[in-house]
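Chain A is the first sequence line, chain B the second, and so forth, proteins listed ahead of strands; every chain is numbered from 1. Heavy-atom basis, side chains included; hydrogens, waters and symmetry copies ignored. Being a predicted model, the structure only gives us computed values, none of them experimental.
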Amino acid sequence: MIAEGGLAALWMAAALAALQLIMAAVGIAKQRDDVMAAVRPVAIVQGLLTTLAMGALIAVFMRSDMSVLLVAENSHSAKPWLYKFAGAWGNHEGSMLLWVTILGLAGGAIAIFEDRLNKSTLIATLGAQAAIALGFYAFLLFSSNPFTRLSPAAPDGAGLNPLLQDPGLAFHPPTLYIGYVGISVAFSFAVGALITRDVGPAFARAMRPWILAAWIFLTLGITAGSYWAYYELGWGGWWFWDPVENASLMPWLAATALLHSVTVLATRDGLRAWTVMLAVVAFSMSMVGTFLVRSGILTSVHAFAVDPERGSFILALLVIYIGGALALFGARVGTVHQGRTFELVSREGALVANNLLLSVILGIVLIGTLYPIVAASMGTQLSVGPPFFDKTAGPIALILVAFMAAGPLMRWRRDESGLIVSRMLGPIAATCFTWAAVFMVTGGIAILPMLGLGLAAGLAVASVAPLWKRNLRRTPLFTWGMVIAHLGIAVSLAGMACDSAFTKETLVAARVGQPYKVGPYRVTLDGISPVIGSNWSALQAQLTVRRGEDGTPFALHPQSRFFSSPPTVTSESAIATRLDGQLYTVLGAPDGQGRWQLRLWWKPFVTFIWLGGALIALGGALSLFGRVRRERQVVLREAYA
Amino acid sequence: MKAKHQRLMLVLLAVVAIAGASGLALSALKDQAAFFYAPSDVAKSGPPVGRAVRLGGMVKKGSIERQADGVSIRFVVTDGAATVPVSFSGITPDLFKEASGVVAEGSFNADGSFTATNLLAKHDERYMPPQVAQTREGNMHETKSLEP
């Protein structure tokens, strides 16, 4: 009964979404206040109903109800409860339902809390949101029903892919989806503003928190996903340029550009049309991301099973959404008035450069990701890999870093080139000093890591420069946010450069008792023993590790795990984290003569990559908090005036 | 600066940036055009010696030989029509096994053998690279180079 209840809630939510769209359209077209007033409660109830449907799906997963097809295919009664819970969205249908649930909740939240937009724009926004949700409802109800029954019920489930049985991955999809959905809400605001011809600073201020929130979650999602791939897949890499990774990177790039242009619009009233255009692009990227991952038309190590019918449904939705958004933009962009102007050499100019460079990187990633599909449709099978992206996106990203360093040191409206150079002396000195130091110590490394390390040092100095000679207590939170986010990029960049330049690797067939060297460490295999877990068994290596000749020994336990349903082997790396890097160990297969394959990596400062990601997200959170608080104060002051 | 001039300037900048990026992307894609090889592609047109490419197919039954150093293996990749011998040093992925799909990253040697730096096996029971899946169904595809 729970499954049927969930399905019924889903149908009702879909019907309410249709009603919401129609009422918003009629209310705005006829300027009927009574109709418009009714849109808000409908949005709230729609949000509640989707939440109910998601709750029902979680319930059948928690109860291991094997008469539901989705549960039988993706769960197992012997799984730990966390993975039963997270298993609800660890599959195609469930993740689509989660998507629309977050969208519904966001709609309800807008209906309840949003009080800065003028009424028509708000109603148009809710209408646009309903239109987006309707596509997802149709997709769920007509081609991906998560509540389909299985008769007769399966004796037990097929199990969740063991690679996904990791706490990090259980929360990864919701994090990314909140990001995707946040972008689509920002897009709804843009559509609302286009419909009511209301593009201006007020609209930008209303849209900004949504983009910030979406961007924070995307940043966290990408960072966590990268760390998951790093420790769980056991191959020691942190970015693969896999289509699924690109699918989350593309919306992030677009949202980053949007975040900066919306700031220009909100504070300087410039870049009006461009900001709306970026909102359309960012939304398109989050749709492309969601759908490409789910349709499985991309060759990917993460890709899921392909269903041609589903694929064409997805393609149709994609065309309607993106085509519709672009058509609306084309039709209405003429009515967006020119904002204020500025000199090219100014903070605005630097932000425009940032936007252009981000767009160029986005374009390159998009081409590299989609090209194989286009080629396949013309009968040519090919895949685009890391060499392509490294060669193209890498250099442009480094140019972007240089602009990032300069931007916050420039004045709004107009600035003098000479003055900027003098303000940049500190960062430039830091860059040159780093290059000299690296060259002296190592005798030269590859060109990209070398550039990366130097630029990271320059960017770090430039990032904190805006705090120079300021009263730190009175510096607004969003300035702190910018400083910390930019610093995070520098930290991340330094980690990436160190990882690619200084990683040491040792691959051996290890004999028990014999020490092997990697970087500053000596690793000894003491033995192999069996271990039993909740739904797996494993062979576990006892490694004793010493740093240098007489460091204190410590133990590491990499495992090779066997899952029975589905029958799979995964290797669990063991990682020792130190201030200056990570020792990463993987256990391989035995060779039949008493030796065991061991792969050892010493990765100096690799943790900086994710530490930087966390700093970027923290910076975003500080900005968000600072902005919301500042606006509250403004609202209060106006109320008392 | 007048608004009109400014807009013109921005449009020009954008055009230059986009043109530069597409040029960069296309020139890099040209190298990538023939990035994925199946054994029969190699049999037909000869191996692209020394370039970083991917080789995809099935691991031939009974072909995996472990080497004396304990960390190197040799095996044969087949697509039903042709075969390529592959050597690899490292820990094989968990799902790497005989008669199963594999994508090897690395480069061809002059004698037509392949040295892999990285092996990708299918991600789970339901996943198989489309290229490999097509090969297995006996529905041979052609990997054409965009280069003349």
Undergrad: Heavy-atom distance under 4.5 Å between the side chains of B/S89 and B/S72, does that happen here?
TA: yes
Undergrad: Please classify the contact of A/I396 with chain B as side chain, backbone, both or neither, using a heavy-atom distance under 4.5 Å.
TA: side chain
Undergrad: Tell me, side chain or backbone of A/L587 under 4.5 Å from chain B's heavy atoms, or both, or neither?
TA: backbone
Undergrad: If I measure from the heavy atoms of chain B, does A/V352 come under 4.5 Å with its side chain, its backbone, both, or neither?
TA: side chain
Undergrad: Can a donor-acceptor pair be found between the side chains of A/S571 and A/S560 at a distance below 3.5 Å?
TA: no
Undergrad: Do you know which of A/R599, A/R414, A/Q597 has the most heavy-atom pairs under 4.5 Å to chain B?
TA: A/Q597
Undergrad: By a 4.5 Å heavy-atom criterion (distance strictly below it), what part of A/L507 contacts chain B: side chain, backbone, both, or neither?
TA: both
Undergrad: Contact part of B/A68 toward chain A, heavy-atom cut-off under 4.5 Å: side chain, backbone, both or neither?
TA: backbone
Undergrad: Quick test of your reading of the model: are B/K61 and B/E98 salt-bridged, counting only N-O distances below 4.0 Å?
TA: no
Undergrad: Do you see a donor-acceptor pair shorter than 3.5 Å between the side chains of A/S346 and A/D415?
TA: no
Undergrad: Please check if any side-chain donor atom of A/W274 sits under 3.5 Å from a side-chain acceptor atom of A/N355, or the reverse.
TA: yes
